[in-house]
There are 2 protein chains.
Amino acid sequence: MTRSPACKCAGLAPECISYRLGLCGRIDPATFQALSASAHFEDLPADRILWHDDHAPAFVGVVLSGILRFERSNSQGRRQVLNLLLPGEIFGVENELGAGYTIEAATDVRLCRFDAHVFDRLMPKDRRLRAEVYRQNVNRLERLRWLTWAIGALSPEERVAAFLVIGTDYMPVQPHPEGGCVLSVMLGRRDIADLLATTVESTCRILKSLERDGLIEMLDPRNIHIPDLAALAERGAIQRLGDRPSFPRIVRMARSARPLPLRELRAMMPINADGAPARAS
Amino acid sequence: MTRSPACKCAGLAPECISYRLGLCGRIDPATFQALSASAHFEDLPADRILWHDDHAPAFVGVVLSGILRFERSNSQGRRQVLNLLLPGEIFGVENELGAGYTIEAATDVRLCRFDAHVFDRLMPKDRRLRAEVYRQNVNRLERLRWLTWAIGALSPEERVAAFLVIGTDYMPVQPHPEGGCVLSVMLGRRDIADLLATTVESTCRILKSLERDGLIEMLDPRNIHIPDLAALAERGAIQRLGDRPSFPRIVRMARSARPLPLRELRAMMPINADGAPARAS
DNA sequence: CGTGCGCTTGACCTGAGTCAATCCTGGTGG
DNA sequence: CCACCAGGATTGACTCAGGTCAAGCGCACG
């Protein structure tokens, strides 16, 4: 884990995802100054443990790129991923750790950490900061509600289908020459399985079966062509394409602070899943 | 559903659970005055639908007695209960409805409804009001995390065991002459099953099997003797008796505004599950 | 005294988890 | 450049936990 010296963000700010569409850009400029004075970048390799169990969090952070997973395991090691933390999202506010929760990097991650004390001092002062933290909490709650419902009321197949549909909101998406789109799944099978409360094997089989049904086509394990998003959504018990839990649109990440390594198909300029240019707001 | 004329709460306040340990007692007195001026009592019979699906909530409410269930169903009618709303808890803030969620009475319920506009006008003015709403949101998130983890990572048996243990925090509890305590489960099997993402039949069988193992004894379907709470907790994957999601302690309800009908064993003076007098705070 | 509903029990069966073998790919070192 | 290796992904075979379906049971209520 590399760690840069304190960075004032000054030059970077307009490029930074947190500034462009997250915390930093929505708070009072004075708060931003104070906060950025305590900011450090930090790069984590995939699977690095960021916080473990009841180890009280010592800092507040914002994800700049990559995905963190917020999870908890039972005694036999069965793991449940409770949330994905995406670029632009804050973590470490409200002592969300404590009861055996862990935060780990699901992919390579770059994040920005702020001093917790500085953050706590700023909270009561800036109503926009509070509003942003509140907003993100509401989103979190909404996503968790969806997940709980999905695990409790949907079949594994429906959950996987829904995961792919919802994934088009926050994972890279490219148009496909023959129509539809190609979703680049940023998570390994293990993580998908643990998020959807199923197993790696079932996930594989379900993907194959969705492929047999023509709902998807696997270009390679991580790149999935979705010819008809609406059809897949229907399989995933998503009534209208509109009602999915709110994730930040990765599309806004397109030119984030640190471009992802430019391998194979990974979309650097994602468009909307339906092939239209990315929606605003 | 009976509805009283507007009630100023004046005389009732000290008796009211929301005043004694919830919203009303924690906010600025001026806010309380304004809020209570728009307050109505409302009694709902069990299973009455309070809000349905995308019907935008028109009011903010506080549960005074009984339990509401916050739920969502899939297309085949499989239902998932996502949260229980207990005496003292607020609902209707932040448009939590919208995506097919429903709020229904799980038992007979008495609640206090406030005008949503009044509430929204007060929110920006009173920091203590905001703090209380925030606090309750954090609790909600925490409970939902536990539930998601439980459904995803625990077996149905573990979930039922844990449900009973956690239930001692928010459902009536009495000491048992032979030691341990008697928990009066306020929910029907159906609700328990839908909360724990299992079926009525499995719930029954699991209860029987816990009984065979001597972990519980069913006095009648709704009154369960727990000789050793810690042993049951262990079966429910609750490590230390301390780490359960935070529910309001029903013990504080003991003399709430409207006593529950005094049938059979229902404890009017619950004590702590371990037999000690109720813990403070 | 019938009816209905909630709870319980039994029989059955299948979806999905477990275990194990194989494939594939990218990375490493010779 | 190639052989080898490790880890992820896939596939197959097997098993059983727990869901479904179908009956009883018993209490509350009209």
Side-chain angles (χ1 to χ4, degrees), chain A residues 45-47 74 76-80 106-108 150-161 163-164 184-212 216-224 235 261-266, chain B residues 45-47 74 76-80 105-108 150-161 184-212 216-224 235 261 263-266:
Chain A
D47 287 325
N74 76 358
Q76 289 96 53
R78 188 175 178 86
R79 185 178 71 163
Q80 178 62 47
T107 67
D108 290 348
I151 294 176
L154 301 185
S155 71
E157 188 181 76
E158 292 172 307
R159 304 203 286 268
V160 171
F163 166 78
L164 293 176
S184 299
V185 179
M186 303 299 285
L187 304 174
R189 296 287 186 266
R190 184 90 213 289
D191 284 339
I192 298 175
D194 287 348
L195 177 68
L196 303 179
T198 179
T199 60
V200 179
E201 294 92 327
S202 291
T203 308
C204 275
R205 280 188 260 267
I206 288 166
L207 287 172
K208 269 279 170 280
S209 111
L210 291 176
E211 188 165 40
R212 269 195 298 278
I216 63 171
E217 178 194 2
M218 290 173 59
L219 307 180
D220 66 69
R222 294 194 167 225
N223 289 285
I224 297 179
R235 182 69 72 98
L262 198 35
R263 298 188 220 135
E264 84 262 356
L265 258 176
R266 282 191 191 168
Chain B
D47 286 326
N74 77 358
Q76 289 96 53
R78 188 175 177 87
R79 184 178 74 163
Q80 177 62 49
T107 67
D108 290 348
I151 295 176
L154 300 185
S155 70
E157 188 180 75
E158 291 172 308
R159 304 203 286 269
V160 171
S184 299
V185 179
M186 303 298 284
L187 304 174
R189 297 288 186 266
R190 183 87 213 291
D191 284 339
I192 299 175
D194 287 348
L195 177 68
L196 303 179
T198 178
T199 60
V200 179
E201 294 92 327
S202 290
T203 309
C204 275
R205 280 189 259 267
I206 288 166
L207 286 172
K208 270 278 171 279
S209 111
L210 291 176
E211 189 166 38
R212 269 195 297 278
I216 64 172
E217 179 194 1
M218 289 172 60
L219 308 180
D220 66 69
R222 294 194 167 224
N223 288 285
I224 297 178
R235 182 69 72 98
R263 298 190 219 132
E264 84 264 354
L265 258 175
R266 280 189 192 167

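Atoms considered below: every heavy atom in the structure, side chains included; atoms not considered: hydrogens, waters and symmetry mates. All figures in this text were calculated on a predicted structure; none of them were measured in a lab. Within every chain, numbering begins at 1; the chains are lettered A, B, ... in the order of the sequence lines, protein sequences first and strands thereafter.
Going from atom CZ of A/Phe163 over to atom OG1 of A/Thr203 covers 9.0 Å, rounded to the nearest 0.5 Å. Note that the CD1 atom of B/Ile192 and the OG1 atom of B/Thr199 stand 12.0 Å from one another [nearest 0.5 Å]. In this structure, CG in B/Leu154 is found 8.5 Å from CD in A/Gln76, a value given to the nearest 0.5 Å. To the nearest 0.5 angstrom, A/Gln80 atom CD is 8.5 Å from A/Leu196 atom CG.
Spacing between atom CG of B/Leu207 and atom P of D/dG18 amounts to 14 Å, rounded to whole angstrom units. When rounded to the nearest whole Å, the span between NZ of A/Lys208 and P of D/dG12 equals 10 Å. A straight line from CD1 of A/Ile151 to C1' of D/dG18 spans 17 Å, rounded to a whole angstrom. Rounded to a whole Å, the CG atom of B/Asp220 is 14 Å from the C1' atom of C/dT8. Between the CZ atom of A/Arg212 and the P atom of D/dT10 there is a distance of 13 Å, given to the nearest Å. The nearest whole Å value for the distance from the CD1 atom in A/Ile206 to the P atom in C/dG17 is 8 Å. A straight line from CG of B/Asn74 to P of D/dG19 spans 14 Å, rounded to a whole angstrom. Separating the CE atom of A/Met218 from the C1' atom of D/dT11 is a distance of 13 Å, rounded to the nearest angstrom.
Each end of the helix from C/dC1-D/dG30 to C/dG30-D/dC1 gets its own axis, taken as the rotation carrying the C1' atoms of four end pairs onto the next four within a five-pair window, and the two axes meet at 30° to the nearest 10 degrees.
Residues forming a side-chain hydrogen bond (donor to acceptor under 3.5 Å, both in side chains) with A/Thr107 (at least two apart in sequence, or on another chain): none. A search for side-chain hydrogen bond (donor to acceptor under 3.5 Å, both in side chains) contacts involving A/Arg79 returns A/Glu71, A/Asp191, A/Asp194, not counting sequence neighbours. Every residue two or more places apart in sequence or in another chain that forms a side-chain hydrogen bond (donor to acceptor under 3.5 Å, both in side chains) with B/Arg235 is listed here: B/Glu157, B/Asp213. Checked against side-chain hydrogen bond (donor to acceptor under 3.5 Å, both in side chains), A/Ser155 has the following partners two or more places apart in sequence or in another chain: A/Glu158.
Scanning both residues, A/Leu164 and A/Ile216, for their nearest heavy atoms gives CD1-CG2, 4.1 Å.
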Show your reasoning for whether side chain to side chain contact (heavy atoms under 4.5 Å, CB included) applies to B/Leu207 and B/Ile224. CA-CA 10 Å; B/Leu207 286 172; B/Ile224 297 178; 4.3 Å; yes
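For DNA chain C, the neighbouring residues in residues 188-200 of chain A, judged by any heavy atom under 4.0 Å, are A/Thr198, A/Thr199.
Phosphate contact (OP1/OP2 of C/dC7, side-chain N/O of B/Arg222, threshold under 4.0 Å): present. B/Ser202 has a side-chain polar atom (N or O) that falls below the 4.0 Å cut-off from OP1 or OP2 of D/dG19.
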Could you run down the sub-3.5 Å N/O contacts of the protein with nucleotides 21-29 of chain D?
| residue | atom | partner | partner atom | Å |
| --- | --- | --- | --- | --- |
| D/dC21 | N4 | B/Glu201 | OE2 | 3.2 |

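In this structure, of C/dA16, C/dT18, C/dC7, it is C/dT18 that holds the atom nearest to the side chain of A/Arg78.
Sorted by first and then second residue, the salt bridge (charged side-chain N to carboxylate O under 4.0 Å, His left out) pairs with a member in residues 201-210 of chain B read B/Lys208-B/Glu211; sequence neighbours excluded.
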